[in-house]
Amino acid sequence: MSETTPELTTPGLATAHEPSGRPQLVDTQSLVFWLFVAVVAFSGLHLFHWVTANPLVAPAIAWLAIVQWAIYAGIFLVVVYRHQLFVKRPLSLTFAAMAWGGVVAMWFSIEADQVLESIFTQVISPEWNDGWGLAVSGATNEEILKALGLVVLVLLPLARVKSSLDGLYYGMMVGLGFQLVEDYTYTVGQSTTTDEVLGFLYLRGLVAGLWAHAVYTGIVGFGIGYLVTRRDRPMAARIGVAVGLFAFAWTMHFVWDSPILVDWGERSSPAFYTTILLKGVPALVVLLVILRWGRGHERTDWNEFVEQHIDPSLVPADDRTSLLDHGGRKAARRAARASGGRSAGRVRKHLQVAQLRYVQSVMEEGADSERAQALAADIRELQSWARAVGEPAR
Amino acid sequence: MAAPDQLDVRHRDLFEPRSLIGAIAVLAVLSFFGIGLRAIDEAVKGTSSFTVGQPVAVTPTTSFTPAQDWIPDPAQTVDDLVVVAHRNGWEMRVIGGLVLQPGQSLEDYADVLRDDGGDPSARVGDVETFVTAGGQHGVTWETHRANDVSIGYLVADGDDFAQLQADGSSATLDSVEDDLNEMAKSMAVSGGES
């Protein structure tokens, strides 16, 4: 936007802050990173062989399923990405989390589920395994292997997992990756027509997909994030939260896969949908509750940071208050439109985005960084535009 | 102010303890799921497996030689009718004492079984023929579902025939497919005239 970078910071403000660094995936100095690369490649090759081994899958069905689930993934990603309140997490780490879920956790789960069911068959009985084996093995193997993806991200120093919400976000992405590959394999394995492929989008994407792996692993990820980042809390409490949330996600996954209520109603009957809701909604509710809890903490931290480290001419107090939640941001845009028309509303929206990215940039790279300086210049220009289109000065 | 890539250098040595221990821990967990569980599976098999190389009589007229590592399932096995065994999440049943109806061929019976799945989304492969170690005529076919595969084998001597039916995950098909083919070829049916 602006080519000039005038003096942008208030002396004594930003210099007191120690930047955390910009999160990134690639870190050649981390053994965990190289392990991540090796395990994704290993699992990916095996999974590709498995997915393409079914000789009876029609190529047209396979391609349609790929396109269908890619669109689903895109919509899911956009919704979750846009709903990040204060920071936008990098796409490289987002896709890395999805790769762990869709490739590593998926491949190791396929193997482990079969073997664990074999153990149940021998140690307990084939009849017990037929009823409960999948529920126990699926919940146990899959939740642990997906959670391991979060642990890998935590162990990558440059990934910089800094909050419970980081854990929730990356957890959802690990779960989304898992869910997409699982949905794809079910779709191509059981579909012979376009209608059947679309039927899977409805059944697995909408009816079952809103409270599936992405939600379970989001809950687990929040717990891991809480455990490793909330050092202001006693260790026992942090462990309690992490273990408790894992146990809850495991239970929800177990109940979903278990024969409980499975024969209650024919597919598409009211009883069928009631069963789906009973088995699925509690997980979504808990995810939303912990999201609200995490956001409350993030909001307090962000507000304090802006107050203490951000030049108030760049993010004035009124703007800071309105940026604290989505409702406040919308209200500010509405007010801008009311006073200066549509263009004022658009300018206010761009200004809000620039302010949020500026604060994130200062947190991560410092107020003197090139990126922060450029964003600060953008903010000043947008502020002058806002005044030009009729917004009252703040 | 330090450049961004210099900000967090605490854990950025390739063999720095946290990186090394972290990598080992992740590898250990993956190894448990990839190798350890399989070892436990092998261990719990104990002494309950078939005697290797020893033919098993399903009925007085039907026998087969189990492959290594298949575990008999006494709860589902019925004397003089069916032997059930498991391996790696797969279940295999050998049913003896079956008789074709007059005029019915093994291929006809295979078609009946192939059409009798009741699952419209299942994809059923073509019937292929094979010859057992004893020179008897056999047919086989595969049925693929979402993540599961069923493989059927029929072997006949005249009107008498036996069936080997195996069901399991497509992910572990590679680990049992050779076993199943060998066991099918080891099937022996002694019956009457066709």
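Because the structure is predicted, anything quoted here is derived from the model rather than measured. The figures that follow rest on heavy atoms only: side chains count, while hydrogens, waters and symmetry mates do not.
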Side chain, backbone, both or neither: which part of [X] has a non-hydrogen atom closer than 4.5 Å to chain B?
X	answer
A/Thr121	side chain
A/Val123	side chain
A/Leu35	side chain
A/Leu148	side chain

Please say whether more than 12 non-hydrogen atoms of neighbouring residues, nucleotides or ligands are located less than 6.0 Å from [atom1] in [X].
X	atom1	answer
B/Glu128	CD	no
A/Trp34	CH2	no
B/Lys185	NZ	no
A/Phe48	CZ	no

Look up atom [atom1] in [X] and atom [atom2] in [Y], then write down how far apart they are to the nearest 0.5 Å.
X	Y	atom1	atom2	value
B/Asp148	A/Gln190	CG	CD	8.5 Å
B/Phe33	A/Ile110	CZ	CD1	14.0 Å
A/Leu116	B/Arg38	CG	CZ	12.0 Å
B/Glu91	A/Asp130	CD	CG	6.5 Å

Under 4.5 Å heavy-atom distance to chain A, tell me which part of [X] shows up: side chain, backbone, both or neither.
X	value
B/Thr172	side chain
B/Leu27	both
B/Leu173	neither

Original post:
Between A/Val115, A/Val151, A/Leu156, which has the largest tally of heavy atom pairs under 4.5 Å with chain B?
Top reply: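 Among the listed options, the one with the most contacts to chain B is A/Val115.
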Original post:
Quick one: of A/His46, A/Glu370, A/Glu111, who has the most non-hydrogen atom pairs under 4.5 Å with chain B?
Top reply: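 Ranked by contacts with chain B, first place is A/Glu111.
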Original post:
Heavy atoms under 4.5 Å from chain B: which residues of residues 134-147 of chain A carry them?
Top reply: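 So the qualifying residues are A/Asn141, A/Ile144, A/Leu145.
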Original post:
Should B/Asp174 and A/His49 count as side-chain neighbours, where that means a heavy-atom distance under 4.5 Å?
Top reply: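 In contact.
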Kindly give the heavy-atom pair with the smallest separation between [X] and [Y], and that separation in Å.
X	Y	value
A/Trp50	B/Ser170	NE1-OG, 3.0 Å
A/Trp100	B/Leu30	CH2-CD1, 4.1 Å
B/Gly22	A/Leu155	CA-CD1, 3.6 Å

Original post:
Taking B/Ser19 for the side chain and A/Ser30 for the main chain, is one N or O donor matched with an acceptor at less than 3.5 Å?
Top reply: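 Flag not set: sc B/Ser19 to bb A/Ser30 has no pair under 3.5 Å.
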